[in-house]
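The model shown is predicted, which means the values in this text are computed figures rather than measured ones. Proteins come first, then strands; the chains are lettered A, B, ... in the order of their sequence lines, and each starts at number 1.
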Number of protein chains: 2
Amino acid sequence: MTSSLTPSPFSEHDHKKCVREALDTAEHICVIRGVQLTPIRHKVLELIWESHKAIKAYDLLDRIKPLMDAAKPATIYRALDFLIEQGLIHRVESLNAFVGCRCSAHQHEQLLLICNRCHDVEERPATKVMRALAQEIEQAGFIVHRKAIEIHGICAKCEAQAGNPN
Amino acid sequence: MTSSLTPSPFSEHDHKKCVREALDTAEHICVIRGVQLTPIRHKVLELIWESHKAIKAYDLLDRIKPLMDAAKPATIYRALDFLIEQGLIHRVESLNAFVGCRCSAHQHEQLLLICNRCHDVEERPATKVMRALAQEIEQAGFIVHRKAIEIHGICAKCEAQAGNPN
DNA sequence: CAATCATATGTAATATTATAACATTCTCTT
DNA sequence: AAGAGAATGTTATAATATTACATATGATTG
């Protein structure tokens, strides 16, 4: 019973489970690391996980204001800083926006496939790419701190719909 | 006779030649394509090529104002839009800044190595990475419009200096 | 217990980055 | 000379992000 109204590479999945898992993992990681997933941070993470689209800081602010009247830009940006530090979300550089990270416990740096149609962001570990990348960087004598690999285009789901729009 | 005061992967090269080539290529490409590299656009490109560091739009604005009193943000952003469209510069998404592109005639999408110390940006075609990437994206059934591959860290030059600071 | 320290949050102001909308000019073509 | 298209001028404002300082909260320890 999947609606085709909101095309998405994720439209088939059980999103509640998806979110629950993400939040459980986040809570677990924070306990292990002895860092505080405070109510604000938890709420921001939850809001980010409402969809697989990247969400902007001020949209998060709008969403959180009804719940926390005191919320200001700094409130959001501080929570985002924390979540990024802990590898619980990605900052999508090419969108100035933020998306949940499923890879928390494992490697954080992944390839992001960003659909220009449905706006969902898909993470891919892309081990072969990462291996080639490591080699290239090594050859350049470069020492990596951070990687941002962002591909914009049309996801499989949207493409299928475009070709077959029923 | 290379100064070690401004460490850079490019510090050994003849930068004047580098710029001249870039501008010549740009002029040539624009003629071929029948698009106008107007004085404003040319000046912006020249300013961007003053170094291999990514430069911010408002820094460009500050640099161009003494020459063109009328310059406003839109002046700069329009020139930048044109230069990006023509593949003459890269927008560095993770810096909100702009850097000259040496690959104009060839493929435009390259890997960017961004040094956090000297701030120089090095382009690399990285064909193996690109090949692996194409394969990965193909597997995902994704159709690429645009790639941004940005690696932050310390370049070889700066690393050498750090280890051997004479 | 009081003192202090570190962490997190509240709050206001402001800095930085980018776009929208509409007017004007310039250049080419007819 | 008229008209079309491209480029630029100009003003205003939107969107994104940070700084600085005040306050609170909770743990640690003298």
Salt bridge (Lys or Arg N to Asp or Glu O under 4.0 Å) contacts in which one or both residues fall within [range], not counting sequence neighbours:
range: residues 137-152 of chain A; value: A:Glu93-A:Arg146, A:Glu109-A:Lys147
range: residues 76-88 of chain B; value: none
range: residues 42-51 of chain B; value: B:Lys43-B:Glu46, B:Glu50-B:Arg63

B:His15: what forms a ring pair (Phe, Tyr, Trp, His ring centres under 6.0 Å) with it, not counting sequence neighbours?
B:His13, B:His52
Which residue pairs pass the ring-ring contact (aromatic ring centres under 6.0 Å, His included) test with at least one member in residues 72-95 of chain A, sequence neighbours excluded?
A:His90-A:His108
Which residues, if any, of residues 42-51 of chain A bring a heavy atom under 4.0 Å of DNA chain D?
none
With B for base contact, S for sugar-phosphate-only contact and - for none (protein heavy atoms under 4.0 Å), nucleotides 14-21 of chain D reads --BBBBB-
How would nucleotides 24-30 of chain C be written as a contact map, 5' to 3', with B for base contact, S for sugar-phosphate-only contact and - for no contact, using protein heavy atoms under 4.0 Å?
-------
By the rule that ILVMFWY residues connect when side-chain heavy atoms come within less than 4.5 angstrom, directly or transitively, which residues belong alongside B:Ile154?
A:Ile143
Could you work out the complete set of other residues in the hydrophobic cluster of B:Leu133, with links drawn between I, L, V, M, F, W and Y side chains under 4.5 Å apart?
A:Leu111, A:Leu113, A:Val129, A:Met130, A:Leu133, A:Ile137, A:Phe142, A:Val144, A:Ile149, A:Ile151, B:Leu111, B:Leu113, B:Val129, B:Met130, B:Ile137, B:Phe142, B:Val144, B:Ile149, B:Ile151
Residues two or more places apart in sequence or in another chain: which of them pass side chain to side chain donor-acceptor pair (under 3.5 Å) with A:Asp62?
none
Please enumerate all residues that pass side chain to side chain donor-acceptor pair (under 3.5 Å) together with B:His42, with sequence neighbours excluded.
B:Glu27
Backbone of A:Cys118 reached by a side-chain donor or acceptor of A:Lys53 within 3.5 Å
yes
